[in-house]
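Sequence lines set the chain letters: A, B, ... in the order given, protein chains first and strands last, and positions in each chain run from 1.
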There are 2 protein chains.
Amino acid sequence: MSDAVAPAGYDPSAYPPFAVTSDIVVLTIRGGELSVLLVERGNEPYAGCWALPGGFVDIDEPGEETARRELVEETGLEISSFHLEQLRTYSAPQRDPRMRVVSTAYLAFLPDLPAPVAGDDAARARFFAVRDIEAGEVTLAFDHDQILADAVERARSKIEYTTLAAAFVEKPFTLGDLRRVYECVWGTRLHPSNFARKVLSTPGFVRSLDVRGASQFEGGRVGALYETGDATVLHPAILRPTADEEDER
Amino acid sequence: MSDAVAPAGYDPSAYPPFAVTSDIVVLTIRGGELSVLLVERGNEPYAGCWALPGGFVDIDEPGEETARRELVEETGLEISSFHLEQLRTYSAPQRDPRMRVVSTAYLAFLPDLPAPVAGDDAARARFFAVRDIEAGEVTLAFDHDQILADAVERARSKIEYTTLAAAFVEKPFTLGDLRRVYECVWGTRLHPSNFARKVLSTPGFVRSLDVRGASQFEGGRVGALYETGDATVLHPAILRPTADEEDER
DNA sequence: GGAATAGTGTCTTTTAGACATTATGTA
DNA sequence: TACATAATGTCTAAAAGACACTATTCC
């Protein structure tokens with residue numbers, strides 16, 4: 001902040017009418033696909049279009065709180081606690097045709113959820129496979145395609161050097177479950193044995209529960225169960241294959 | 001954005017009075033120290049305190065443009081083009097005692113600059129060693145200590161896996177110059193030969209000019225000169241020593 | 001010459017990646 | 001039984017890190 005136009009004796013009619021909003025990108029793994037939660041807009045502009053959940057920030061409300069509140073109001077998803085981080089702020093002057101809207105996007109990583117229901121302001125709410133949106137089968141309202149692209153890139157990058165991949169699975173989980181998170185988010189296949197070696201050699205990534213149980217996703221031999229460890233960053237990182245692998249799962 | 005409180009027929013007096021600002025963190029290397037540009041505030045609140053340059057966003061102005069404009073207005077630094085990226089947005093309700101101010105911070109990496117001069121709204125402007133601020137010798141206005149800490153961590157992290165370290169040196173530069181950037185930003189020493197091997201084995205990081213010249217910083221044998229290459233990301237990354245090195249240069 | 005940096009080369013350890021093999025569960 | 005996944009182990013290549021030694025330039 002500078003001292004310019006210091007609004008000490010504030011005159012609302014003289015001050016430019018900025019709107020401040022929060023949008024939330026909820027990513028999860030559903031049916032082997034990285035998926036994002038969208039709501040169908042009921043009102044203009046972009047009525048009938050799919051968009052990210054979000055809404056206007058109250059004057060005394062932290063932006064992150066707005067994101068959590070709108071998620072509940074628009075989709076009925078009531079989740080006790082989950083990882084939520086700021087993505088970035090979108091403030092192009094014409095991004096909303098109504099007025100100048102400065103929107104801060106937040107990013108949430110969640111394990112597979114019960115189906116959402118439409119809430120107050122949204123006609124419908126459901127998960128979409130990110131792959132379909134990237135393929136252009138769905139076009140989002142406002143600049144939400146760009147926000148989603150930034151969010152997915154953040155997710156793909158962040159699971160490399162943090163333990164956030166574990167936020168996508170219910171605990172307890174098997175190493176196969178965790179590996180499938182990486183495969184779904186990156187859209188590649190990983191060697192199971194090399195992956196397990198890396199995860200287990202990273203202190204604090206996972207903690208063994210010394211019991212066995214079925215995978216959350218697929219059949220076959222049941223594996224050892226793990227829970228999330230204390231670490232938040234990974235040394236060394238688990239790096240993405242450098243795009244010379246086979247294309248898809 | 002949701003449809004809530006859609007301000008189609010907009011009534012300024014009914015809409016909460018948000019202020020939207022941009023702050024800019026200008027980092028450079030001066031005298032072997034990672035340094036940040038600060039301005040001394042002329043007005044309340046925090047009059048006489050040092051703060052990051054910044055100011056209110058115009059209603060039809062992109063936030064990034066505000067950051068560039070305020071940098072010139074407050075410090076007189078007229079730089080043609082430089083790397084500027086969004087850091088994050090700070091919107092705690094009480095971060096400014098006057099009113100609700102949502103501020104987006106931007107981060108610039110620059111080579112050593114001529115001394116700045118105070119501009120319109122700032123009493124003085126000068127560079128401070130980040131080390132001194134981290135040591136608590138200077139306390140910044142508002143939440144700018146937090147913004148600076150986030151910016152420095154971003155810089156320390158980003159030179160690991162991008163070519164941004166080159167933005168801190170004038171081109172042409174020697175490999176010693178580039179290594180000193182890493183050493184100043186991380187506060188560590190690096191093995192000159194291993195560093196050179198890594199940089200030269202990373203395609204597109206630097207391009208040899210096939211001439212020799214003096215280092216920008218220190219004496220000794222003059223080395224080969226390089227310019228910035230085409231790459232923007234580094235494969236493999238140049239990782240920070242894991243905090244079991246000697247403390248300082 | 002002395003000091004400081006540039007540059008080359010070598011050796012060891014760690015990590016990544018590919019892959020073979022065996023074990024154990026489900027349909 | 002067929003099949004899918006878990007788990008262990010081996011081999012090779014790449015990269016990191018430590019360090020010795022020579023070369024060049026400024027003072």
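- Between Leu37(B) and the options Leu52(B), Thr28(B), Leu77(B), Val25(B), a side chain to side chain contact (heavy atoms under 4.5 Å, CB included) holds for only Leu77(B).
- The nearest whole Å value for the distance from the CG atom in Leu190(A) to the C1' atom in dA16(C) is 12 Å.
- For DNA chain D, the residues of residues 195-206 of chain B within the heavy-atom distance limit of 4.0 Å (strictly under) are Arg197(B), Lys198(B), sorted by number.
- Positionally, the nearest nucleotide of DNA chain C for Ile238(A) lies more toward the 5' end than for the other of Ser193(A) and Ile238(A).
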Practice task
Report the C-alpha distance between Asp23(B) and Tyr90(B) in whole Å, list the side-chain angles of each, state the deciding distance to 0.1 Å, and finish with yes or no for side-chain hydrogen bond (donor to acceptor under 3.5 Å, both in side chains).
Solution key: CA-CA 10 Å; Asp23(B) 292 316; Tyr90(B) 299 82; over 6 Å; no
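- Residue Ala237(B) is the one, among Ala237(B) and Val222(B), whose nearest nucleotide of DNA chain D lies closer to the 5' end (criterion: closest heavy atom).
- Checked against side-chain contact (heavy atoms from CB on, under 4.5 Å), Thr174(B) has the following partners two or more places apart in sequence or in another chain: Asp177(B), Ser215(B), Leu225(B).
- Salt-bridge formation is not detected for the pair Arg69(B)/Glu65(B): no Lys NZ or Arg NE/NH1/NH2 atom is positioned less than 4.0 Å from an Asp or Glu carboxylate oxygen.
- Rounded to whole angstrom, the span from the OH atom of Tyr161(A) across to the P atom of dT15(C) amounts to 21 Å.
- For the pair Glu183(A) (side chain) and Leu190(A) (backbone), a donor-acceptor distance under 3.5 Å is present.
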Donor-acceptor pairs under 3.5 Å, side chain of residues 156-164 of chain A to any protein atom, not counting sequence neighbours: which ones?
unit_1, atom_1, unit_2, atom_2, d
Arg156(A), NE, Val185(A), O, 2.7
Arg156(A), NH1, Glu134(A), OE2, 3.3
Lys158(A), NZ, Glu85(A), OE1, 2.8
Lys158(A), NZ, Glu85(A), OE2, 3.3
Glu160(A), OE2, Arg240(A), N, 2.8
Glu160(A), OE2, Arg240(A), NE, 3.4
Thr162(A), OG1, Lys158(A), O, 2.7
Thr162(A), OG1, Leu164(A), N, 3.2
Thr163(A), OG1, Ala231(A), O, 3.1

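- Residue Arg179(A) places no side-chain N or O under 4.0 Å from the OP1 or OP2 atom of dT5(D).
- The CG atom of Asn194(A) sits 15 Å away from the P atom of dA7(D) (whole-angstrom rounding).
- In terms of phosphate contacts, His191(B) brings a side-chain nitrogen or oxygen within less than 4.0 Å of OP1 or OP2 of dA18(D).
- Summarising the geometry, the separation between CZ on Arg221(A) and C1' on dG25(C) is reported as 8 Å, rounded to the nearest angstrom.
- Between Glu183(B) atom CD and dA4(C) atom C1' the separation is 14 Å, expressed in whole Å.
- Map Leu239(B) and Arg212(B) each onto its nearest nucleotide of DNA chain D; the residue landing nearer the 5' end is Leu239(B).
- Here dT5(C) presents its P atom at 19 Å from CZ of Phe173(B), a figure rounded to the nearest Å.
- Taking the six-membered ring for Trp and thresholds of 30 and 60 degrees, Trp50(A) and Phe128(A) have ring planes more than 60 degrees apart, a perpendicular arrangement.
- Rounded to an integer number of Å, the gap from His235(B) NE2 to dA14(D) C1' is 15 Å.
- Arg240(B) has its CZ atom 18 Å from the C1' atom of dG17(D), to the nearest Å.
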